[in-house]
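These notes concern the structure reproduced below.
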Amino acid sequence: DTEVTQTPKHLVMGMTNKKSLKCEQHMGHRAMYWYKQKAKKPPELMFVYSYEKLSINESVPSRFSPECPNSSLLNLHLHALQPEDSALYLCASSQFVQAQGPTYEQYFGPGTRLTVT
Amino acid sequence: QKEVEQNSGPLSVPEGAIASLNCTYSDRGSQSFFWYRQYSGKSPELIMFIYSNGDKEDGRFTAQLNKASQYVSLLIRDSQPSDSATYLCAVKGPDRGSTLGRLYFGRGTQLTVWP
């Protein structure tokens with residue numbers, strides 16, 4: 001089973017709202033990722049968690065706040081977003097971060113389509 | 001910045017033909033290579049991965065890796081209209097310094113298979 005789930009599927013929020021995106025995996029993976037993807041562009045890495053600790057923050061604005069409550073869950077808290085933050089937000093997981101070969105295959109969830117009005 | 005380049009596309013082939021997708025990468029220390037398929041409005045789906053020089057076959061898909069030439073390709077045999085999607089090449093850099101844990105994506109090649 002290579003399933004990563006994300007909720008909600010769609011989210012519309014105003015610039016003053018606070019919302020959260022959720023991601024869950026039950027593959028026993030110890031690395032989880034947040035990506036942002038704009039139309040016709042490849043995914044853009046935002047954050048990486050390894051063993052529930054933040055290991056990479058790609059200089060993402062503080063209006064995006066990640067959280068990893070346990071090894072299966074990953075949240076992305078959103079506050080005071082801008083219209084240009086509208087995008088597909090993807091969660092992914094892999095067995096490990098520091099690995100090559102089969103233990104690094106990243107599996108993506110279905111994504112949350114975010115629209116900021 | 002690690003470079004991953006894909007043939008620009010879009011690529012259009014008739015049903016039943018072989019579609020050839022190409023990718024080059026700049027970091028000679030890269031060891032793991034992935035192909036993702038992404039349908040419009042959907043998330044990327046891992047379809048092939050390769051770690052050793054040579055060919056790897058899975059059904060109608062064949063991935064080819066040549067580390068000396070820093071080149072990886074994906075061949076789709078007997079292409080079907082359902083193969084129409086954007087194909088993303090992704091390369092994992094060496095586990096050191098700034099490349100640790102990162103997957104570098106090409107810009108993608110849009111494939112259309114017409115009946």
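Sequence lines set the chain letters: A, B, ... in the order given, protein chains first and strands last, and positions in each chain run from 1. From a predicted model like this one, the values you see are computed outputs, not experimental measurements.
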Donor-acceptor contacts under 3.5 Å from residues 9-18 of chain A side chains, at least two apart:
residue: Asn17(A); atom: OD1; partner: Gly14(A); partner atom: N; Å: 2.8

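- With chain B as partner, the option from Arg113(A), Gln106(A), Gln6(A), Lys40(A) having the largest number of non-hydrogen pairs under 4.5 angstrom is Gln106(A).
- Between Tyr104(A) and Phe34(B), the two ring planes are tilted [angle within 30° to 60°].
- Placement of Tyr89(A) and Tyr35(A) in two distinct hydrophobic clusters is found when ILVMFWY residues are connected by side-chain heavy-atom separations under 4.5 Å, directly or transitively.
- In the displayed structure, Lys56(B) atom NZ is contacted under 6.0 Å by more than 12 heavy atoms of other residues, nucleotides or ligands.
- By the ring-ring contact (aromatic ring centres under 6.0 Å, His included) test, Tyr87(B) pairs with no residue at all, sequence neighbours left out.
- Within a 6.0 Å sphere centred on NZ of Lys38(A), heavy atoms belonging to other residues, nucleotides or ligands number more than 12.
- Leu103(B) touches chain A through backbone and side chain together, each having a heavy atom under 4.5 Å away.
- Only the side chain of Gln38(B) comes within contact range of chain A, judged by heavy atoms closer than 4.5 Å.
- Using a 4.5 Å cut-off between side-chain heavy atoms of Ile, Leu, Val, Met, Phe, Trp and Tyr, with links allowed through other members, Val91(B) and Trp35(B) fall into the same hydrophobic cluster.
- For residues 45-83 of chain A, the interface with chain B (any heavy-atom pair closer than 4.5 Å) comprises Leu45(A), Ile56(A), Glu58(A), sorted by residue number.
- Each of Leu75(B) and Leu111(B) belongs to its own hydrophobic cluster when Ile, Leu, Val, Met, Phe, Trp and Tyr are linked at side-chain heavy-atom distances under 4.5 angstrom.
- Within 6.0 Å of CZ on Arg107(B) lie no more than 12 heavy atoms contributed by other residues, nucleotides or ligands.
- For the pair Ser43(B) and Pro110(A), the tightest heavy-atom approach, listed with the atom from each and the gap, is OG-CA, 3.5 Å.
- For the pair Pro43(A)/Leu88(B), a side-chain contact is recorded, criterion being any heavy-atom separation below 4.5 Å from C-beta on.
- Under the ring-ring contact (aromatic ring centres under 6.0 Å, His included) criterion, the residue pairs touching residues 6-27 of chain B are Tyr25(B)-Phe33(B), with sequence neighbours excluded.
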